[in-house]
Number of protein chains: 2
Amino acid sequence: MVNYSTSEENHIKAIFHLQTHSGNVSTNELARELRTKPASVTDMMKKLRDKKLLHYQPYQGFRLSTEGKKVALGIVRRHRLWEYFLAEKLKFSWEEVHAVAEELEHVSSRKLIDKLDEYLGFPRFDPHGDPIPDTEGRIRYNPQICITALELNLPAQICHVSDQSKELLELLEHKQLRIGTKVEVKKKFDFDQSLELRIKTATKQTASVMISVQLAQNIFVKHV
Amino acid sequence: MVNYSTSEENHIKAIFHLQTHSGNVSTNELARELRTKPASVTDMMKKLRDKKLLHYQPYQGFRLSTEGKKVALGIVRRHRLWEYFLAEKLKFSWEEVHAVAEELEHVSSRKLIDKLDEYLGFPRFDPHGDPIPDTEGRIRYNPQICITALELNLPAQICHVSDQSKELLELLEHKQLRIGTKVEVKKKFDFDQSLELRIKTATKQTASVMISVQLAQNIFVKHV
DNA sequence: AAAATTATTTAGACAAATCTAAAAAATGAG
DNA sequence: CTCATTTTTTAGATTTGTCTAAATAATTTT
Ligand SMILES: [Mn+2]
Ligand SMILES: [Mn+2]
Ligand SMILES: [Mn+2]
Ligand SMILES: [Mn+2]
């Protein structure tokens, strides 16, 4: 087990997230994601290529190797376990956990993470509904659909949001929509594709909520 | 609130610990403590002096400024709270906590530490019996004496060990002596100053234990 | 297909943290 | 007090991670 620097780990994890959407990741794309400069990215890609963590041909973009993916899943595991700890045990709010986990994820003691996992009761999802890889780096996804595709009046539960910007989280918080919230779609408006939802609030009451397409496209649910 | 690098923090904390024993800390002393070279220490001392964290005149050694002590106490607070978390919640053994806390102490979110403190129930002592500074950096010591100075047959409780080497911790573990262990001195042997103790084990039974002067000098107790 | 634009890489610089080897200052033994 | 030893500092090099500016390659527009 080799250890990687904080900067190397941040690059590896960012590529991992970007490559699930696009195919090969480009220099500019990664530079934007990490708020760094393209020239710096090129330097780092050469280093990670030499360490056999990714495939990289000049001007062709890059993609993680099998080994690189394994390393990335380890970092993702640490990140999400810490997020769960912060939200569940220390009562951090949903939006606050990410920044702190971004630091904690680089403390790389294997024993620490496995004991933390055990202490937390082997949670399968982080506070944003993203799956937590197990010790071997395996992820088990649950079948989920975008709320825009949910049938009318079918009970479901919010399990994932695909964008985690402050702006989105603020809006969700305001509308009382969280991971785990029970929800049904009551009406779809053709004019602007907005949705009327009925939710069960934390206090067991039901409430009616209107959401825009822009918001709906980022909310994913599973049937209950 | 300025932030300091991991290396700066390690230097500041090491000086803090060394200066309680000696007066001014010397270049060689600090280099030995941090397993680095004297030349590197001189470089770092110049930097920390420029940041007003310590007083340093060439060839005269160094000592933390008031500001430097405040920073050091913050690091010590983080270190000991994490040690407590690791031992108490994650069931790490006594000897294992230090190395991991050495990394966690550099995650500097103020909110993280204060919430962790609250979650742990504001513990006053770490697993080695060392006091945990409060939010303001205040330490409250409890009156403690070396077990060699404890009166015969007076009930006391182990609250501190002054050396934390692997070798010492191994020996204490073997003799079932831990922080919190209830103990009385039954006899002092003049020949080699060894002590016969009677302890209450974890399983509420009492047992008799012999310890050498070398060991006794490192064990501190408070009356109960 | 040539020109314009955009993306990527290279070249060279810089700050941080470390090191080795050499110089300078302090200490202490006789 | 003087000289040998020890301690500390300086000088110069190295590694890592980053940047700016310039060069080059790829892509898109006309
Ligand atoms: Mn990170
Ligand atoms: Mn997350
Ligand atoms: Mn440390
Ligand atoms: Mn401790």
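Just so we're on the same page: letters track the sequence lines, and every chain starts at 1. The basis for the numbers below is simple: all heavy atoms, side chains too, and nothing from hydrogens, waters or symmetry mates. Please read all numbers here as calculations on a predicted model, not as lab measurements.
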(message) Side chain of B/T42 only, heavy atoms from C-beta on: which candidate in C/dT8, D/dT10, C/dC19 is closest?
(response) D/dT10
(message) To check you understand the geometry: which heavy-atom pair defines the closest contact between A/H160 and A/I179, and what is its length?
(response) N-CD1, 3.5 Å
(message) Measuring to OP1 and OP2 of C/dT6, would you say a side-chain N or O of A/N28 lies under 4.0 angstrom away?
(response) no
(request) Please check if the distance between the ring centroids of A/F85 and B/F85 is under 6.0 Å. (result) yes
(message) Would B/K111 and A/F92 count as a cation-pi pair here, with the cationic atom under 6.0 angstrom from the ring centre and within 45° of the axis?
(response) yes
(message) Can you measure A/K51 atom NZ to D/dT15 atom C1' for me and round it to whole angstrom units?
(response) 11 Å
(message) Rounding to an integer number of Å, can you tell me how far B/K37 NZ sits from C/dA21 P?
(response) 11 Å
(message) Please determine whether a side-chain nitrogen or oxygen atom of A/S7 lies at a distance below 4.0 Å from atom OP1 or OP2 of D/dT16.
(response) no
(message) Under a 4.0 Å threshold between the charged nitrogen and the carboxylate oxygen, would B/D117 count as salt-bridged to B/R77?
(response) yes
(request) Just compare D/dT9, D/dC19, D/dA25 and give me whichever is closest to any side-chain atom of B/P58. (result) D/dT9
(message) Counting only side-chain heavy atoms from C-beta out, which of D/dT20, D/dT24, C/dA24 sits nearest to B/Y59?
(response) C/dA24
(message) Whole angstroms only, please: what is the CG-P distance between A/L30 and C/dT8?
(response) 11 Å
(message) Please report the distance, rounded to the nearest Å, between CD in B/Q60 and C1' in D/dT8.
(response) 11 Å
(request) Calculate the interatomic distance between B/K46 atom NZ and D/dA11 atom P; express it in whole Å. (result) 8 Å
(request) Quick one: label B/T27 by what it contacts on the DNA or RNA (base, sugar-phosphate, nothing), any heavy atom closer than 4.0 Å. (result) sugar-phosphate
(message) Quick test of your reading of the model: are A/E173 and A/R178 salt-bridged, counting only N-O distances below 4.0 Å?
(response) yes
(request) Measure from the side chain of B/S26, starting at C-beta and using heavy atoms only, and say which of C/dA11, C/dT20, D/dT8 lies closest. (result) D/dT8
(request) Pick base, sugar-phosphate or nothing for A/S40, based on heavy-atom distances below 4.0 Å to the nucleic acid. (result) base
(request) Provide, to the nearest angstrom, the distance between the CZ atom belonging to B/R32 and the P atom belonging to D/dT6. (result) 14 Å
(request) Give the rounded distance in Å between these two atoms: CE of B/M45 and C1' of D/dT7. (result) 16 Å
(request) Tell me what A/Y56 touches on the nucleic acid: a base, only sugar-phosphate, or nothing, going by heavy atoms under 4.0 Å. (result) sugar-phosphate
(message) By nearest atom, which of the nucleotides D/dC19, C/dA7, C/dT9 is closest to the A/T36 side chain?
(response) D/dC19
(message) Starting the side chain at C-beta, find the nucleotide from D/dC19, C/dA21, C/dT18 nearest to B/D43.
(response) C/dT18
(message) Taking the nucleotide of DNA chain D with the nearest heavy atom to each, does A/M44 or B/Q57 sit closer to the 5' end?
(response) B/Q57
(message) Measure CG/A/L48 against P/D/dT16 and give the value in whole Å, please.
(response) 12 Å
